[in-house]
Colleague: 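This structure is in structure tokens; I'll ask about it shortly.
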Amino acid sequence: MKPYLLYENYENFAQRKLSNSDELIMDLNLDVIFKAMAMNDSFLYNTVKTVSLNSLTDVDSIIYRQNVLKDCLNNKSTINDFYNIASSTLNEAAYYRQSTQPSFSKMVSVSYKVRSSAGLLELLVVNLNRLRSLIRMMEKNFNSKGMKKFCDQQAAFLTDNFFVKVKQHIDDLKFLSEGGKMVIGSGIGSGMKGSGHILRKISSRTLNSTSGKKLCKPAANNEIMLDNISIANNAKEMEDAGLVHILRLINHFNDNILHYFELLCIEAGFYLACTNLHSMLKKLNAVVTFPFPYESEKRDLVFEGLFDLSLFINDKKNLVSNDLNAIDKCLFIITGANQGGKSTYLRSIGIAQILMQCGLFVPAAFFGSNISDNIFTHFTKEEDEGMDSGKLDEELQRMNNIINNITHRSLLLMNEPFATTTERDGTIIARDIITALYDMNVKVIFVTHLFEFSYLMFAENLPRAVYLRAERTDNGSRTFFIRMGRPLLTSFGEDIFKSVIGDNLL
């Protein structure tokens, strides 16, 4: 039994763990988003981080998850209840196991282990019943394929007959642990010893009309007195063999139920974290939408009103948003004014792509992009005194790792690479790499101040390339809009100098 909230098919779903997850978290400020979703819950934080960085790579899986999330947004209290039931069950089970764990110096009988496992089973069944009651009450509110599958699976398994039978088994196990009898089948092995012990049944208890439930005392003619020690030991071995068989069955059942609650805790927890983020953005009047994932062979990037979610969460205020309509384009070269919003623009695209590929809404009025099998970032790093080589060597090493793992379906976000060497050398390196990636049809978004590189690429008039520029007004102010535009031979660093130093020194 599985929840089927994150995946329609657990055995055959298209997913890939992003290979450079640490780089993505740092370069795209994803940690800000994960913390906002988790709301100080460490389990939710780890869940969101894990699920988000295990990217879905087919359209149907993304749409499946989007529709489940829509149901969760319309029934936030219910998904919170699912998570709380699963979480509390796991906590109760852990506490029960800890409290019933005997000291290592004490010999533990098989009957004690059976009694302990039966107690855990009873605890788990109580919580399964809680879950069933909630599903029965709320299932009519769900419309998505995933939520309906979740409810149908539980209804098929958690029937009235299931709970009746489980209760009977638990009563029998309690009875057995209190001194009840087992019927065991056994053969005669070598040396006239018993072998092939099989538990036939547990003798049922009988009711005493005056004192309630009591053990039934066997009739004298059914009793065999085991006065011989050797025979008594053999009988004890047979009894323990039957108990071991029972214990194995109970533990297997308990493990399956616990595994189910672990999955439910993760899957419901992920959607709960998503609803936390949605509620926060709604209170701040932020615009969000469910994106349109395109097949991985396409090279489209279309959005309206896209903004940097991590920056918005930090600043809690409206940000400049951008639009783009690029169909069948794989190379995006962004130039323009210093501090004009280029890096923020790059981050906003990367964040939206990751959110789309884990089934979330995105911070935009509209967003559509082809699915990528991997997402890479190559951002300029700060100087590190512990580096064994220069910054250019470090950049080239990171670039080499990316090249070794990238495919034609990947997305590469580059923020001012190779700026630590000369303009000429940086241009040669960047042109060779980007030309090769362009020929592979890899989607690359490249922010650069390498004027010679951008002009050489622009002059080639590549049909699948787009050239964007950070907008600057005539008085030197930044609008933080990124518009279509050919590269210029300046980044207007003079504007920054004027704002800091003033005009007198020019």
Side-chain angles (χ1 to χ4, degrees), residues 1-15 17 41-54 56 61 64-65 68 72 78-101 113-136 139 146-159 161-163 165-167 169-170 173 244-273 358-359:
M1 188 171 70
K2 294 180 174 65
Y4 294 101
L5 296 179
L6 286 181
Y7 311 106
E8 184 175 6
N9 186 338
Y10 285 82
E11 289 72 34
N12 184 27
F13 61 89
Q15 169 179 281
K17 185 178 185 346
D41 186 314
S42 60
F43 180 85
L44 290 184
Y45 173 85
N46 291 325
T47 298
V48 167
K49 181 179 176 181
T50 300
V51 174
S52 299
L53 296 175
N54 282 271
L56 298 175
S61 295
Y64 181 89
R65 199 175 285 181
V68 173
C72 293
T78 304
I79 198 66
N80 186 57
D81 289 340
F82 287 153
Y83 173 72
N84 286 337
I85 289 174
S87 179
S88 63
T89 300
L90 295 176
N91 289 335
E92 289 171 15
Y95 178 78
Y96 177 85
R97 281 179 161 172
Q98 183 180 14
S99 63
T100 56
Q101 184 70 31
K113 292 179 180 179
V114 169
R115 184 163 61 251
S116 176
S117 294
L120 177 60
L121 174 60
E122 187 172 26
L123 181 154
L124 295 177
V125 169
V126 167
N127 284 285
L128 282 175
N129 207 4
R130 287 175 59 203
L131 180 63
R132 179 181 71 155
S133 299
L134 179 61
I135 290 173
R136 285 183 171 180
E139 62 182 338
M147 274 296 188
K148 287 184 175 181
K149 188 171 185 177
F150 168 70
C151 294
D152 291 345
Q153 287 284 335
Q154 316 326 309
F157 182 74
L158 304 178
T159 62
N161 189 49
F162 166 83
F163 285 101
K165 285 188 173 182
V166 170
K167 185 179 184 306
H169 288 313
I170 291 173
L173 292 170
V244 167
H245 177 72
I246 293 172
L247 183 64
R248 189 180 299 117
L249 291 174
I250 303 172
N251 286 342
H252 178 71
F253 195 73
N254 285 345
D255 289 343
N256 284 338
I257 298 176
L258 282 170
H259 180 61
Y260 170 75
F261 276 117
E262 287 168 357
L263 288 176
L264 181 59
C265 196
I266 291 170
E267 299 188 22
F270 173 74
Y271 288 111
L272 176 61
C358 64

Colleague: Keeping Tyr83 on the side-chain end and Leu264 on the backbone end, is there a donor-acceptor pair under 3.5 Å?
Modeller: no
Colleague: Among Val51, Leu6, Ile79, whose side chain to side chain contact (heavy atoms under 4.5 Å, CB included) with Glu267 holds?
Modeller: Leu6
Colleague: Examine the side chains of Gln154 and Tyr260 and answer whether a donor and an acceptor come within less than 3.5 Å of each other.
Modeller: yes
Colleague: Looking at every heavy atom in both Leu124 and Phe261, which two are closest together, and how far apart are they?
Modeller: O-CE1, 4.3 Å
Colleague: Looking at Phe253, I'd like to know if the NZ or CZ of Arg248 sits under 6.0 Å from its six-membered ring centre while staying within 45 degrees of the ring's axis.
Modeller: no
Colleague: How close do Asp41 and Leu44 get, counting heavy atoms only, and between which atoms?
Modeller: OD1-N, 3.1 Å
Colleague: If we ignore hydrogens and angles and just use 3.5 Å, is the side chain of Asn254 paired with the main-chain N or O of Ser117 as donor and acceptor?
Modeller: yes
Colleague: What's the spacing between Leu134 CG and Ile85 CD1 if we round to 0.5 Å?
Modeller: 5.0 Å
Colleague: Using the test ring pair (Phe, Tyr, Trp, His ring centres under 6.0 Å), find all partners of Phe162 that sit at least two apart in sequence or belong to another chain.
Modeller: Phe157
Colleague: Main chain of Val125, side chain of Asn129: is a donor-acceptor contact present, judged purely on distance under 3.5 Å?
Modeller: no
Colleague: Compare every heavy atom of Ala93 with every heavy atom of Leu120, then report the nearest pair and how far apart it is.
Modeller: CD1-CB, 3.8 Å
Colleague: Just to verify, what does Asp255 make a side chain to side chain contact (heavy atoms under 4.5 Å, CB included) with, not counting sequence neighbours?
Modeller: Arg97
Colleague: Give the minimum heavy-atom separation between Val68 and Gly146, together with the two atoms involved.
Modeller: CG2-CA, 3.7 Å
Colleague: What heavy-atom pair brings Val48 and Phe270 nearest, and what distance separates the two atoms?
Modeller: CA-CD1, 4.3 Å
Colleague: Has Lys113 got a side-chain atom pairing as donor or acceptor with Leu247's backbone, closer than 3.5 angstrom?
Modeller: no
Colleague: Looking at Phe82 versus Phe150, is the centre-to-centre ring distance below 6.0 Å?
Modeller: yes
Colleague: Could you walk me through whether Cys72 and Met147 pass the side-chain contact (heavy atoms from CB on, under 4.5 Å) check?
Modeller: CA-CA 9 Å; Cys72 293; Met147 274 296 188; 3.6 Å; yes
Colleague: Please check this pair: side chain of Ser52 against backbone of Lys49, looking for a donor-acceptor N/O pair closer than 3.5 Å.
Modeller: no
Colleague: Write out all pairs satisfying salt bridge (charged side-chain N to carboxylate O under 4.0 Å, His left out) with one or both partners inside residues 116-128, taking only residues at least two apart or from two chains.
Modeller: Glu122-Lys174
Colleague: Without swapping roles, check the side chain of Arg65 against the backbone of Cys358 for a donor-acceptor pair under 3.5 Å.
Modeller: yes
Colleague: If you take all heavy atoms of Glu92 and Asn127, which pair is closest and at what distance?
Modeller: OE1-ND2, 3.2 Å
Colleague: Is there a side-chain contact between Gln153 and Lys2 in this structure, where contact means two heavy atoms from C-beta onward sitting under 4.5 Å apart?
Modeller: no
Colleague: Out of curiosity, Tyr96 OH to Gln101 CD, how far, rounded to the nearest 0.5 Å?
Modeller: 11.5 Å
